Amino acid sequence: MKQSDRPSGVSSAVQCEAGGGGTHEDVKVDPDERNDGQQKPGSPEINNNKEKTRSKSSKQRHNHKERTADVKLCGEDENLCESVQVKKRRVKDEESPEKHDKNQSSGRKRKKTSSEHEKAEKNKKTKKDGDQEKKKKAEESDKWKWWEEGKSSDTQKWSSLEHKGPYFPPEYEPLPDNICFYYDGQPMKLSPATEEIVTFYAKMLDHEYTSKEVFQNNFFSDWKEEMTKEERKLIKMLSKCDFSQIHKYFVEKSEERKNMTKEEKQVLKEEASRLMEEYGFCLLDGHREKIGNFKLEPPGLFRGRGEHPKMGKLKKRIQPEDVTINCSQDSKIPAPPAGHHWKRVQHDNTVTWLASWLENIHGRPKYIMLNPSSKLKGEKDWQKYETARRLKMKVDSIRKQYRRDWTSREMKSRQRGVAIYFIDKLALRAGNEKDDESADTVGCCSLRVEHITLHRRLDGQEHVVEFDFLGKDSIRYYNKVPVEKQVFKNLKLFIKHKDPEDDLFDRITTVKLNKTLNECMPGLTAKVFRTFNASTTLQDQLNKLTTGGMTVEEKILSYNRANRAVAILCNHQRAAPKTFEKSMQLLQEKVRHTIIIIIIILKAVQRLSEQLKKLQLQETDREENKVIALGTSKLNYLDPRISVAWCKKHQVPVEKIYNKTQRDKFAWAIDMTDENFQF
DNA sequence: ACTACAACTTAGGATATTCCAA
DNA sequence: TTGGAATATCCTAAGTTGTAGT
């Protein structure tokens, strides 16, 4: 039962026609079909099983890149010679400038009123309303309708920027005297720095990964680095360390937090909002904009996703001396904490970040940036969807081109053609090369031979490719896809004379692939296909699933089904909620119960059947949503105007589709879109 | 052309808050 | 009123892509 309740996720759910043309119109989201007893992609058990030991370093693997002979391919298969002459056709550029033309976006309402005027209007109105109302309205009128202004420069991100700098997490509070670390059975007082690291480990004790060898080794060697000489001399083995008392202490503490009175919680809340008030906003070009992550990341133990080779390493506390501040020259420079100084203060208006530092795990930069509701993020987001819409106009010719590449005499063109086909048809990510310092995950270009299995026929279908690999965040991608004969032949060719751990596409890289795409359409890269296919799927599904005469609840179910189709396409998953089975049974029980009641009390039929209907909708919705995360696509891939237009057209309150945060982020779309907008 | 790096988007899990039925 | 489920928010890891340097 544990296994059987796992839907296949991707496998049978997304059935795309093998055919370059209409790609995703046959997305099926039939809950019954999805329960085929296959393991849920991405579940922990799976990830463990799926762990593939890389027998070669990526450098070694890289050498295999050149392995496929770049000879004339004639003779390898009977179709190879047919298009020897065909040169890569130049696709006409449709030279439309990268800038989105806001006035041409369909459904766009041009507000004639200046924002000044609106402000005055609103303020006037508030006079007679209550205090609460007044505040709300005033806030609203403060909101910056940046989308009503002309497009701003691509390179210069701001002309003035002022902020308070990042918020530093509180210093370490040593443990009380009665709480102790034990080594080899003996209590041992540790130096504060050493003790702090112990608390990181102790807090995680009931997590499964503290039992992993990699985690323990990384932790122990990083911990030893931070010990005093004396401590290092004494503490030789992690297995002799006893953190249980400390662990218990923190469990109790968190219990206490949970049991705080309303008043105590209120105090905490006010403290947080004071912090937000002070550090959570910046002044950008005269507008108060919300910051996304104004709190610096506190120290702790790194836990990457999947089988990460660096799990358990110490993530060090960030000091002011590590932080670079970015703000405008003439602004009030944020003050570093007393007795400290910043690493650097710069005034670079070609970037959007307010502060940055290097994290010590990978040595990569991290940034403090604005909230998605900000102009800087919103405009970029809008632009992204406009690029995806431009792809819509171009996609037919691109599909034609990659199909031609399938029969090219050049190996690299064939590989590129198949790779773009996968990216288009399956919404795979580009798949950059990764080093050995991170989890072994892949995308399209980094697929290895071992990640696909070719089936001449399978389950009554021809030319089936079985994908099985760990993608971003070590989420498993498992899918059986019928592909066109020529693709199948090419794949056979690509894997010939290769070992399982060799690259499937050894003649191409993401950079080359994106370069090709860019020549087809300015601004086109691999990830645009995900946005494009996601939004196209949503639009198509909404058009198909929504009919007149539906109740709002039914329409919402339609919307969620459409949303789900996208999530399945993009392989957005989540762990099935812990108590799913139980709550589902409960829900089913309720449905049954309601049915019985209806039979017994005929008089109440009208009222109760409505109740039943809602429950059933909820049931279906939840079942279908079991392992599907809708949020990501909603937030990142789906042109919000599709949803807004749909809401307006079908009189569905937009609040039913977007929560507060999402309404803030998509304020531009909500404001500008009318019911006729089509993606 | 290749590499390294910087900057930005996308992502799932953890935690906090809200909601709803008993 | 309360406890557990649902939902929202927070957090930060992990991708992609553009660019500068060689």
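Numbers restart at 1 for each chain; the letters A, B, ... are given by sequence-line order, proteins then strands. Only a predicted model underlies this, so the values are computations on that prediction, with no experimental measurement involved.
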Classify [X] by what it touches in the nucleic acid, base, sugar-phosphate, or nothing, heavy-atom distance under 4.0 Å.
| X | answer |
| --- | --- |
| Gly431(A) | sugar-phosphate |
| Lys315(A) | sugar-phosphate |
| Tyr367(A) | base |
| Thr352(A) | sugar-phosphate |
| Pro298(A) | sugar-phosphate |
| Lys515(A) | nothing |

Donor-acceptor pair under 3.5 Å, Arg364(A) side chain vs dG15(C) base: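 Present.
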dT10(B) base / Lys472(A) side chain donor-acceptor hit below 3.5 Å: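 Such a pair exists between side chain and base.
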Toward the 5' end of DNA chain C, by each residue's nearest nucleotide, Lys366(A) or Ala526(A):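 Comparing both residues, the 5'-ward one is Lys366(A).
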N or O in side chain of Arg257(A) less than 4.0 angstrom from dA16(B) OP1/OP2: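 Answer is yes, contact under 4.0 Å.
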NZ or CZ of Lys313(A) within 45° of Phe302(A) ring axis and under 6.0 Å: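 Relative to the ring axis of Phe302(A), which defines the angle, Lys313(A) lies outside at least one limit.
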Thr510(A)-Asn432(A) side chain donor-acceptor pair, cut-off 3.5 Å: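 A pair is found: one side chain offers a donor N or O, the other an acceptor, under 3.5 Å apart.
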Residue pairs, two or more places apart or on separate chains, that pass side-chain hydrogen bond (donor to acceptor under 3.5 Å, both in side chains) and touch residues 350-370 of chain A: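 Listed by first then second residue: Glu297(A)-Lys366(A), Asp348(A)-Thr350(A).
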Residues that Ile325(A) engages under side-chain contact (heavy atoms from CB on, under 4.5 Å), provided they are two or more places apart: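 Residues passing side-chain contact (heavy atoms from CB on, under 4.5 Å) with Ile325(A): His163(A), Pro166(A), Val323(A), Cys327(A), Pro334(A), Trp342(A), Val345(A), Ala355(A).
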